[in-house]
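Note that the structure is a prediction, hence the values are computed from the model and not measured.
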Amino acid sequence: MKHPKFLRNQISMEIAQAVSAMPVMAALTVPFFLAEVREYTKLYDFSSQAPFPLYTYLQYPIFIAFTDFGIYWVHRGEHHPKVYKHLHKPHHKWIISTPFASYAFHPVDGWAQSLSYHIFPILFPLQKVAYLGLFVFVTIWTVMIHDGEYALDSPVVNGSACHTIHHYYFNYNYGQFLTIWDRIGGSYRKPNRELFDREVRMTQKEIKKQVEEMEKLVKEVEGVDDRRYETQAEMKKTL
């Protein structure tokens with residue numbers, strides 16, 4: 001919250017945007033849930049109904065791989081200049097994200113990025129309890145990658161540090177769970193080592209370096225930066 005790119009009243013704005021988006025996202029998702037409860041998908045009740053015994057365990061990595069692939073391409077498509085300003089820009093209002101930013105989307109943006117979760121059981125068998133468990137996992141993961149706690153420095157897992165780079169610098173790390181599609185698509189950016197050191201990442205030198213690149217990329221991607229930063233408000237108070 002002390003970062004110069006943290007917005008004035010940011011948390012309350014994140015909460016307001018998330019609360020207004022959630023009912024619309026839920027309404028748009030109803031047709032998929034109706035299809036699921038009316039048995040138009042390959043959801044099944046018991047492990048004994050799995051295609052083969054090992055599938056009980058394989059369904060989890062297959063779900064992660066498939067949905068991460070879908071999210072990567074939807075997310076990357078939303079960064080196309082003709083799409084970004086209409087759909088994805090509201091989520092990138094939060095350059096310094098908090099856990100409350102995890103659902104602070106334009107509702108169509110949030111819904112679009114969830115599509116692969118619902119397409120999966122149309123194409124692949126999935127046990128119903130596993131489906132519910134995976135949705136809980138996805139919800140927790142979405143919050144965690146916005147929370148600024150850089151606990152995992154992995155070349156494989158797209159954790160909080162990787163997603164922070166996405167919010168800082170826009171056109172990198174579109175994946176949700178893994179780095180593989182970013183590596184294949186040429187959009188992977190390794191998180192700075194400084195992010196994993198609490199003392200170093202908040203030094204004036206490091207923040208200045210971040211801000212210089214942030215401002216350059218905001219200008220390239222959005223043109224005019226219409227955000228109102230907390231530090232600007234504090235400066236006005238002192239004048």
Side-chain angles (χ1 to χ4, degrees), residues 1-21 75 78-79 84-85 87-106 109-110 113 139-154 157-176 179 182 187-239:
M1 294 175 69
K2 296 179 181 178
H3 197 285
K5 292 300 178 182
F6 194 82
L7 302 186
R8 185 181 185 188
N9 301 321
Q10 178 171 320
I11 290 177
S12 61
M13 290 192 296
E14 289 171 330
I15 293 171
Q17 187 171 317
V19 168
S20 65
H75 192 181
E78 289 178 341
H79 276 260
Y84 174 84
K85 63 181 179 179
L87 203 61
H88 197 49
K89 184 179 177 180
H91 186 62
H92 272 276
K93 184 173 186 175
W94 330 114
I95 294 177
I96 308 300
S97 66
T98 80
F100 297 102
S102 56
Y103 284 88
F105 285 94
H106 184 293
D109 177 8
Q113 292 198 52
T139 301
I140 294 171
W141 186 265
T142 303
V143 173
M144 287 175 61
I145 62 174
H146 290 89
D147 69 5
E149 291 293 333
Y150 311 124
L152 188 64
D153 184 11
S154 169
V157 179
N158 187 8
S160 179
C162 279
H163 199 68
T164 289
I165 293 297
H166 177 73
H167 275 266
Y168 278 12
Y169 308 126
F170 293 89
N171 298 323
Y172 304 96
N173 301 348
Y174 299 108
Q176 179 83 345
T179 64
D182 281 294
S187 54
Y188 176 69
R189 176 164 171 168
K190 182 178 173 62
N192 306 356
R193 289 298 313 159
E194 291 81 2
L195 289 179
F196 297 96
D197 188 319
R198 286 180 179 272
E199 293 183 4
V200 173
R201 78 181 188 219
M202 287 305 293
T203 61
Q204 289 301 313
K205 180 181 178 181
E206 176 62 19
I207 288 176
K208 182 181 178 182
K209 184 172 70 173
Q210 293 172 4
V211 168
E212 285 177 354
E213 187 170 2
M214 287 172 185
E215 291 180 345
K216 177 183 176 183
L217 290 168
V218 166
K219 188 174 180 180
E220 287 180 8
V221 174
E222 298 181 356
V224 178
D225 187 355
D226 57 3
R227 298 167 181 83
R228 295 180 65 191
Y229 298 104
E230 187 66 49
T231 51
Q232 292 174 337
E234 290 175 359
M235 287 175 64
K236 287 180 180 179
K237 289 178 183 178
T238 61
L239 292 176

Between [Y] and [X], is there a side-chain donor-acceptor contact under 3.5 Å, judged purely by atom types and distance?
| X | Y | result |
| --- | --- | --- |
| Ser102 | Glu14 | no |
| Gln10 | Thr98 | no |
| Glu78 | Gln113 | yes |

Original post:
Considering the options His92, His75, His91, which one meets the ring pair (Phe, Tyr, Trp, His ring centres under 6.0 Å) requirement together with Phe105?
Top reply: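 Answer to the ring pair (Phe, Tyr, Trp, His ring centres under 6.0 Å) test with Phe105 among His92, His75, His91: His91.
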Under 3.5 Å, is there a donor-acceptor pair between the side chain of [X] and the main chain of [Y]?
| X | Y | value |
| --- | --- | --- |
| Asp147 | Glu149 | yes |
| Asp182 | Tyr174 | yes |
| Asn173 | Ile165 | no |

**OP:** Taking atom CD of Glu220 as the centre, report whether more than 12 heavy atoms of other residues, nucleotides or ligands fall under 6.0 Å from it.
**Re:**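 Enclosed: over 12 neighbouring heavy atoms sit under 6.0 Å from CD of Glu220.
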**OP:** Step through the shown structure and confirm whether more than 12 heavy atoms of other residues, nucleotides or ligands are within 6.0 Å of CZ on Phe100.
**Re:**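 Incorrect, the count does not exceed 12.
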Original post:
Can you find a heavy atom in the side chain of Arg227 that is under 4.5 Å from one in the side chain of Ile95?
Top reply: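 They are in side-chain contact.
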**OP:** Please assess Lys209 against Glu206 for the test salt bridge (Lys or Arg N to Asp or Glu O under 4.0 Å), listing each intermediate value before the final yes or no.
**Re:** CA-CA 5 Å; Lys209 184 172 70 173; Glu206 176 62 19; 3.4 Å; yes
**OP:** Please list, chain by chain and in numerical order, all residues satisfying side chain to side chain contact (heavy atoms under 4.5 Å, CB included) with Thr139, sequence neighbours excluded.
**Re:**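 Result, side chain to side chain contact (heavy atoms under 4.5 Å, CB included) vs Thr139: Tyr103.
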